[in-house]
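Just so we're on the same page: letters track the sequence lines, and every chain starts at 1.
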Protein chains: 2
Amino acid sequence: MTSDRAYHHGDLRRAVLTAALDVIRTEGPAALSLRDLARRAGVSHAAPAHHFKDRTGLLTAVAAEGYALFADTLAAAPDLRERGVAYVRFATTHPAHFQVMFQPDLYRTDDPDLLAAKDRATAELRAGVATLAPTGAPRLTGIAAWSLAHGFATLLLSGNLTDAVGDRDAEEVFREVGRLLFTPGRD
Amino acid sequence: MTSDRAYHHGDLRRAVLTAALDVIRTEGPAALSLRDLARRAGVSHAAPAHHFKDRTGLLTAVAAEGYALFADTLAAAPDLRERGVAYVRFATTHPAHFQVMFQPDLYRTDDPDLLAAKDRATAELRAGVATLAPTGAPRLTGIAAWSLAHGFATLLLSGNLTDAVGDRDAEEVFREVGRLLFTPGRD
DNA sequence: CGCGGGATCTAGTCGTTGACAAGTTCGCGG
DNA sequence: CCGCGAACTTGTCAACGACTAGATCCCGCG
């Protein structure tokens, strides 16, 4: 179903998107080529453009899908702590999405679909902070938690934490980090 | 001095590097074109290649210079807290360097100059953690501090913290965040 | 049944880029 | 003054993004 149909591909959009995620994950967004993706899908070099308009359009679609998945992942976690873990888990399970999402110069930041998905993710993020934040500074706590999770996830993906984590599970390490900083007695 | 010389440019390497940093800062690493940089410097399209070999070589040079500057910045800060602030300050004052440094798929990670500079920066980072870490888990504290600073800096550069910070100074906000998480009584 | 229209894909082309090769100019030491 | 290497130029090729025009298919409507 995902592959060979005679003329109409069936679901070329998804095929190209999936292939793009594969390339981004293994070689980075810079290595992305519409023509290469077309070859992988077995279609002509201009076929992907019909679904994504542009190379930028493709990356915009990746970012939009990423934010949508991200919002779902966050929504599934109960409190702030688990939401942080979910943040890190999303980065490891969807590295390509994550990588593109936080490089706004790669895509169109004014895309309607993208904005909707991003707003949803942001709302989930804020809701997470609301479950904690007993001390007077919810905004500051939010920035702190977000920075911690995002920094951990980013360093993890860029390979700067491989020796620090070792052969342990990254999520478990992050859980300990969160426990270290966010449990001085209150909570 | 920086511009017109007859045949020999004088310091084309630096001129190209500076122009590259300018492009990366304003349009991102993806928009980087050797031919465009050559045009800006007023030299032929192949001149930059003589100094950097490759597009990848140019980005490797950017990353190497970035890590060197980064190590200097960190070394100038006394304790862990100030080192965190210095981390954020580096990201805001050298956004192009920072952006490239933490995208290893853009450059050659086995370059000798790069490795030397990165090792120096890593050593400074570790030394910073050594000044604090009174509780039993220095490694975990290090990961926490690094993640916090790196996450804050990254989110700041990607524009995800602009409304949260508002018109205040980013460094000052980060100082408060650090105070919030790293001062439960000890220190 | 067939036919028309829109969505999907193909084929061809143009300007730009990265990479490479070979030649040219410059400066500097012997 | 000469030659030798570094710095730079000119020319070229394959690949890519973007665009256009046209072919093919699917689907509903008469």
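B/R55 has its CZ atom 13 Å from the C1' atom of D/dC16, to the nearest Å. B/L32 has its CG atom 8 Å from the P atom of C/dG18, to the nearest Å. For the pair A/L34 CG and C/dC9 P, the interatomic distance rounds to 14 Å; values are reported in whole Å. Atoms NZ (B/K53) and P (C/dG18) sit 15 Å apart, rounded to a whole Å. Atom-to-atom, CG of B/L12 to C1' of D/dT9 comes out at 12 Å; the value is rounded to the nearest Å. Rounded to whole Å, atom P of D/dC8 lies 12 Å from atom CZ of B/R13. Distance CZ (B/R39) to P (D/dT9): 14 Å, rounded to an integer number of Å. As rounded to whole Å, 16 Å separates atom P of D/dA7 from atom CZ of B/R14.
A salt bridge links A/E172 with A/R175: the closest approach of a Lys/Arg side-chain nitrogen to an acidic carboxylate oxygen falls below 4.0 angstrom. By the 4.0 Å N-to-carboxylate-O rule, B/R139 lies too far from A/E176 to be salt-bridged with it.
Among the heavy atoms of the strands lying under 4.0 Å from B/H45 is at least one base atom, whether or not backbone atoms are also near. If you check every strand for non-hydrogen atoms under 4.0 Å, B/R35 touches a base. No engagement by B/L58 is indicated, since no non-hydrogen atom pair under 4.0 Å with the nucleic acid exists. Among the heavy atoms of the strands lying under 4.0 Å from B/D54 are primed sugar atoms or P, OP1, OP2 only; no base atom is included. Counting non-hydrogen atoms under 4.0 angstrom, A/L37 reaches nothing in the nucleic acid.
Put simply, B/H50 has no side-chain N or O that comes within less than 4.0 Å of OP1 or OP2 on D/dT9. For A/H51, a side-chain nitrogen or oxygen approaches OP1 or OP2 of C/dC9 to under 4.0 Å. Phosphate proximity of C/dA11 to A/S44: absent, as no side-chain N or O sits under 4.0 Å from OP1 or OP2. Using a 4.0 Å cut-off, no side-chain N or O of B/S33 falls inside it from OP1 or OP2 of C/dT16.
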Could you tabulate the donor-acceptor pairs under 3.5 Å formed by side-chain atoms of residues 38-54 of chain B, not counting sequence neighbours?
residue: B/R40; atom: NE; partner: B/D36; partner atom: OD2; Å: 3.2
residue: B/H45; atom: ND1; partner: B/R35; partner atom: NH2; Å: 3.2
residue: B/D54; atom: OD2; partner: B/R108; partner atom: NH2; Å: 2.3

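Aromatic ring orientation, B/F102 versus B/F70: perpendicular (interplanar angle above 60°, classes split at 30° and 60°). Below 30°, between 30° and 60°, or above 60°: for A/H150 and A/Y87 the angle between ring planes is above 60°, a perpendicular geometry.
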